[in-house]
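Naming convention: chains lettered A, B, ... in sequence-line order (proteins, then strands); numbering from 1 in each chain. A quick note: this is a predicted structure, and the numbers were derived from the prediction, not measured.
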Number of protein chains: 2
Amino acid sequence: MRGPGFGWGRMFRGWGRRMTVPRREILEVLTSGAKHFSAEEIYLEVRRKYPGIGLTTVYRTLEILVQAGVVSKFNFGDGRARYEFADTDKKNHCHVICSNCGRIIDCENLSGEVDFEGVIRKLSKKLGFKINGYHLRFYGLCEECKNK
Amino acid sequence: MRGPGFGWGRMFRGWGRRMTVPRREILEVLTSGAKHFSAEEIYLEVRRKYPGIGLTTVYRTLEILVQAGVVSKFNFGDGRARYEFADTDKKNHCHVICSNCGRIIDCENLSGEVDFEGVIRKLSKKLGFKINGYHLRFYGLCEECKNK
DNA sequence: ATATTATTGAAATTGATTTTCATTTTCGGA
DNA sequence: TCCGAAAATGAAAATCAATTTCAATAATAT
């Protein structure tokens, strides 16, 4: 798991980009357990340790990281994008979203019960796509909301 | 399949709402094969037959229909919402999205190869959620884009 | 240490969507 | 059939997440 001290510099320079303090701080937040944070939430979190950061920089950095596949971006329908570190250990986990309060919960990787690879092979052949990823999400009411 | 002539009036009055020409025209477009249309695309299509329609009305009507479960709303990450008629025959079909050009294709209902109900029961029990829906989407390159 | 240039922060701008408000339309009741 | 209450409309105004612009700053190769 990449965390504090990881060679982010090498990663950026590998992309032909520079390592900067804002970028490092953003990655710190992303790898410190932040889940499904909006850009603004990430900004607010980073700002606590690095007050000079700009929201624009957060957006730009996130976009770079998404393009590079280091961060995953989700749209759950509430008007703002959600980001999370694309942790290899948790690759292809799914989400459960409460339709009422908007809470988002990670659930385990379902590869054990669903043959995604098989489905992907079938669809690829049938539709002519080269599929390289998938996303499964469930909607419903969370424990709190369903008891209201 | 609900289409031209269906008793939309009864449906709306059942919700305590009124049947209006704009609402009927929007439903006409939605039930005429329109897939993954944005609000603006629906507006442009409706306008061809009913030039006085307003974009605002399209948004409002779509929201009413989404809340009622008659229309499904998707966010595929391109900044605008997509809508489609929630056809019972096609319930829970999945989507395949081209990461390059943005093309969205319906794929068949995968209930035959994936035990969604079983997964839902397991997650419901484990997370305390009352899950009532799911959405599976695949990302990759479409036939055209992968050959570039 | 210096020069080049990538990157930054914040103001300005954009675009999808929502709110506001005067006007129009719907439809139940007489 | 007509009327009135109020739902619904269309378009201008407003909102908000995100992007662009630009002067200033920071990174880093030499």
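- Residues that satisfy the salt bridge (Lys or Arg N to Asp or Glu O under 4.0 Å) test with Lys49(B), not counting sequence neighbours, are Glu25(B).
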Between N or O atoms, less than 3.5 Å apart, protein on one side and nucleotides 16-18 of chain C on the other: list the pairs.
residue : atom : partner  : partner atom : Å
dA16(C) : OP1  : Arg80(B) : NH2          : 2.1
dA16(C) : O5'  : Arg80(B) : NH2          : 3.4
dA16(C) : O3'  : Gly79(B) : O            : 3.4
dT17(C) : OP1  : Ala81(B) : N            : 2.6
dT17(C) : OP2  : Tyr59(B) : OH           : 2.4
dT17(C) : O5'  : Tyr59(B) : OH           : 3.3

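- Partners of Asp115(B) under the salt bridge (Lys or Arg N to Asp or Glu O under 4.0 Å) rule, at least two apart in sequence or in another chain, do not exist in this structure.
- Note that the first and last nucleotides of DNA chain D, 5' to 3', having any atom under 4.0 angstrom from a heavy atom of chain A are dA17(D) to dT28(D).
- Sequence neighbours left out, not one pair with a member in residues 32-76 of chain B passes disulfide bond (SG atoms under 2.5 Å apart).
- In this entry the distance linking CG of Leu62(A) with P of dT7(C) reads 15 Å, nearest Å.
- Sorted by first then second residue, the disulfide bond (SG atoms under 2.5 Å apart) pairs that include residues 93-139 of chain B, not counting sequence neighbours, are Cys94(B)-Cys107(B).
- Under a 4.5 Å side-chain heavy-atom cut-off, the cluster of Ile, Leu, Val, Met, Phe, Trp and Tyr residues that includes Leu141(B) has no other member.
- More than 12 non-hydrogen atoms from other residues, nucleotides or ligands lie less than 6.0 angstrom from NZ of Lys146(B).
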Produce the list of close N/O pairs, under 3.5 Å, pairing protein atoms with atoms of nucleotides 25-29 of chain C; give distances to one decimal.
residue : atom : partner  : partner atom : Å
dT26(C) : O3'  : Met19(B) : O            : 3.4
dT26(C) : O2   : Arg18(B) : NH1          : 2.2
dC27(C) : OP1  : Met19(B) : N            : 2.9

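- Every residue two or more places apart in sequence or in another chain that forms a salt bridge (Lys or Arg N to Asp or Glu O under 4.0 Å) with Arg80(A) is listed here: Glu40(A).
- Scored by the salt bridge (Lys or Arg N to Asp or Glu O under 4.0 Å) test, Lys122(A) finds Glu108(B), Glu113(B) as partners (sequence neighbours excluded).
- Sorted by first then second residue, the ring-ring contact (aromatic ring centres under 6.0 Å, His included) pairs that include residues 47-79 of chain A, not counting sequence neighbours, are Phe74(A)-Phe76(A), Phe74(A)-His95(A), Phe74(A)-His135(A), Phe76(A)-His95(A).
- Residue pairs satisfying the salt bridge (Lys or Arg N to Asp or Glu O under 4.0 Å) criterion with at least one member in residues 57-75 of chain B, sequence neighbours excluded, are absent.
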